[in-house]
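Input: a single structure, listed below in structure tokens.
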Amino acid sequence: MDTLHIYNTLSGKKEPFEPINPPFVGLYVCGPTVYSSVHLGNCRTFISFDIVNRYLRYLDYKVRYVRNITDAGHLENDADEGEDKISKKARLESLDPMQIVQTYSLDFHDKMAIFNTLSPDIEPTATGHIVEQIEIIQNIIAKGYAYEINGSVYFDVIKYAEVENYGALSGRKIDELISGTRDLDSQDEKRNSLDFALWKKASPLHIMRWKSPWGIGFPGWHLECSVMSTKYLGESFDIHGGGMDLKFPHHECEIAQNKAAHGKHAVKYWLHGNMLTFEGKKMSKSLGNSILPDELFTGEHPLLTKGFHPMVVRFFMLQAHYRSTLDFSNEALEASEKGFFRLMTAIKLIDSLPVSDITEVDIENHSKLFHRAMNDDFNSPILIGHLFDLVKVINSISDGRVKTNQETIDKMKALINDFVIDVLGLKPVDEDGNQSVLNGLMNLIVEMRKRARLSKDWDTSDAIRDQLNELKIIVKDGKDGATWEIK
RNA sequence: GGUCUCGUGGCCGAGUGGCUAGGCAAUGGUCUGCAAAACCAUGUACAGCGGUUCGAAUCCGCUCGAGACCUCCA
């Protein structure tokens, strides 16, 4: 593919990417609910869309990337007594909800930076857009697609479905949805179990509360994305992304809200990233099989044999296509780790390649294949496959088996920079004073000194100790062997 | 139960009608004091059965298995 094609969930097909107002591109991605630490599954989605963002920018589109922070309105469940996740956590820990929000927003940003994802251009919060959310609710009520009851406002899905296709995105049919609903909870004040909350009345327990025309309450979860995406990207924008698990009902509700309020579907291309699985099952907090980024970096987790560098984890994720599930395992991570370092080692070789007058390398062809891979719905695993073809070429040049000239080397370097550093967002890792390497080295030196001492080779033993002293490393001989520390 | 997706060689994972994906692991070789690295070579992989076709991992049907969504989830 010579131009970018992306898979649109709405049509179920790969479509040529044609922005509404080129060269501008509006990109909205559903961000996290900040009531606990992000786990690896969450991170995968944001890394997937980081690639989308990066490649669009590489193609010189003027991207406005909006990713929200859900800091209110996300309910524990759909029942009437459903409690806001953040509100609940705050109550349980006797904290102000905004402390929870701050703690986990910082954690989220920290992890996104560690994974080398680019920051969104705008990162709006639900609590910062209460006024806009109230306005759109009033609008939807005025259009007749929402009703108030006991201080809460619900979207009338049945009425909406009479004129619009509710389920267009997720491929669901309204009749099947109605018959398929399980709970026949008589407590439910909604007209139909499919209806979803636009505004919820706050119970006395609920500490996050705002004034509204319907009394004290808080906004429904689905609403914020409709409001904030259109506020910052316009009533029609190009790409809306999110995890596959948000397709229904979250994104379906977003579409319904937008159509009810503005009479049109806001989004041109819907993109959905697939799940990270563990032993075949979706990694999620509720299943208790989630792994936190820090646990993976340090290896401090019962299911992990060792720690992995964030760039290795990123590389691992990019070796699968964003629309496929990816199964997490120690073995798979270890394979990626070796591959990643093979790639990085080859890249470092470029600067010291022998230069010839002639070239046997068709760098333009590599470039073409790289572009073709990414143009095909951001196919990063194919790109990585092609990168390893180039790795082989680089190593062969280094070994003197293949000849190439300076011009080709320059182009190669630029190409690697574009695709590895800019598009895939991978960066070399080895230079930042790796503690485990230091420990390994010191263990080695201490062991060699021990051997010298056992054979009463005091000259060698003392020379090692003195030279380490000069490096500000103190060796201390104790009863149980030597220890060391940095002065 | 309903809707949908997936099942690729030891592992991970691309690929949607004919052309070696790739990484890791494995085996043989070149190189090397020995290793490592690198390079070269090596895999009757497409859940099963049946069908369509000159030709199927790829399309269709059935069977088996796994998963996702239908309730909060990236």
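Protein chains get the first letters and strands the later ones, always in sequence-line order, with residue 1 at the start of each. Please read all numbers here as calculations on a predicted model, not as lab measurements.
In this structure, the CG atom of A:L383 is 16 Å from the C1' atom of B:G15, given to the nearest Å. With rounding to whole Å, A:N289 atom CG is found 13 Å from B:A68 atom C1'. If you measure from atom NZ of A:K392 to atom C1' of B:G22, you get 9 Å, rounded to the nearest angstrom. Note: CE (A:M344) to C1' (B:A37) measures 18 Å, nearest angstrom. Nucleotide B:A66 holds its P atom 21 Å from the CE atom of A:M275, rounded to whole Å. If you measure from atom CG of A:L326 to atom P of B:G22, you get 20 Å, rounded to the nearest angstrom. Remark: P of B:G23 and CG of A:N330 are 22 Å apart, rounded to the nearest angstrom. One atom, NE2 of A:H250, and another, P of B:A68, lie 20 Å apart when rounded to the nearest Å.
Distance from the side chain of A:A320 is smallest for B:G13 among the nucleotides B:G22, B:G13, B:A68. Considering only side-chain atoms of A:D389, the nucleotide from B:G22, B:U3, B:A74 that sits closest is B:G22. Each of B:A38, B:C70, B:C12 was ranked by its minimum atom distance to the side chain of A:D327; first place goes to B:C12. Counting only heavy atoms from C-beta on, A:R172 has its side chain closest to B:C69 among B:C72, B:C69, B:A38. Closest to the A:M283 side chain, of the nucleotides B:C39, B:G23, B:A74, is B:A74. Of the candidate nucleotides B:C70, B:A68, B:C39, B:C39 has the atom lying nearest to any side-chain atom of A:S396. Side-chain atoms of A:F248 lie closest to B:C70 of the nucleotides B:C70, B:A74, B:G13. The listed nucleotides are B:A74, B:C24, B:C11; the one nearest the side chain of A:A335 is B:C24. The side chain of A:A332 approaches B:C12 more closely than any other nucleotide in the set B:C12, B:C69, B:A38. Distance from the side chain of A:L246 is smallest for B:A74 among the nucleotides B:A38, B:C69, B:A74.
Across B:U52 and B:C59, the matching C1' atoms stand 8 Å from one another, rounded to whole Å. Atom name P, nucleotides B:A56 and B:C19: the rounded distance is 11 Å, in whole Å. For the P atom pair drawn from B:C62 and B:U3, the interatomic distance equals 13 Å after rounding to whole Å. Comparing the same atom, C1', in B:A25 and in B:G10 gives a spacing of 7 Å after rounding to whole Å. With both ends at atom P, the span from B:C69 to B:U63 equals 25 Å, rounded to whole Å. Using atom P as the reference point in both B:G28 and B:G67, the two lie 39 Å apart (nearest Å). For B:A68 and B:G13, the P atoms lie 15 Å apart once the distance is rounded to whole Å. Nucleotides B:A26 and B:A37, compared at atom P, are 10 Å apart to the nearest Å.
For A:S324, no side-chain nitrogen or oxygen approaches OP1 or OP2 of B:C6 to under 4.0 Å. For A:N395 and B:A38, the shortest distance from a side-chain N or O to OP1 or OP2 is not below 4.0 Å. The side chain of A:K85 contributes no N or O atom lying less than 4.0 Å from OP1 or OP2 of B:C72. Regarding contacts with the backbone of B:A25, a side-chain N or O of A:K338 is found under 4.0 angstrom from either OP1 or OP2.
For the residue pair A:T404/A:E360, the side-chain donor-acceptor check at 3.5 Å is not satisfied. Side-chain N/O atoms of A:Y104 and A:D71 include no donor and acceptor closer than 3.5 Å.
In this structure, A:K281 reaches the sugar-phosphate backbone alone: every heavy-atom distance under 4.0 Å involves primed, P, OP1 or OP2 atoms, never a base. Within the 4.0 angstrom heavy-atom criterion, base atoms lie near A:H39.
At least one test fails for A:R67 against the ring of A:Y28: distance under 6.0 Å to the centre or angle within 45° of the axis. Geometrically, A:R209 does not engage A:F218 in a cation-pi contact defined by less than 6.0 Å to the ring centre and at most 45° from the axis. In this structure, A:R191 satisfies the cation-pi test against A:Y147, with its NZ or CZ atom closer than 6.0 Å to the six-membered ring centre and inside 45 degrees of the ring normal. At least one test fails for A:K111 against the ring of A:F108: distance under 6.0 Å to the centre or angle within 45° of the axis.
Pairing for B:C34 is absent, with no Watson-Crick or G-U wobble pair whose two atom distances lie under 3.5 Å. Base-pair partner of B:C6: B:G65 (Watson-Crick or G-U wobble, both distances under 3.5 Å). B:A26: Watson-Crick or G-U partner is B:U42, with both key distances under 3.5 Å. Applying the Watson-Crick and G-U wobble criteria (two distances, each under 3.5 Å), B:G17 pairs with nothing in any strand.
Taking A:F297 as the reference, A:F115 meet the ring pair (Phe, Tyr, Trp, His ring centres under 6.0 Å) condition, with sequence neighbours excluded. By the ring pair (Phe, Tyr, Trp, His ring centres under 6.0 Å) test, A:H129 is found to be paired with A:Y232, residues two or more places apart in sequence or in another chain being considered.
With the nearest nucleotide of RNA chain B identified for both A:H321 and A:M244, A:H321 has the one nearer the 5' end. Positionally, the nearest nucleotide of RNA chain B for A:I384 lies more toward the 5' end than for the other of A:I384 and A:G41.
Not a single donor-acceptor pair, N or O on each side, falls under 3.5 Å between the base of B:C24 and the side chain of A:R342.
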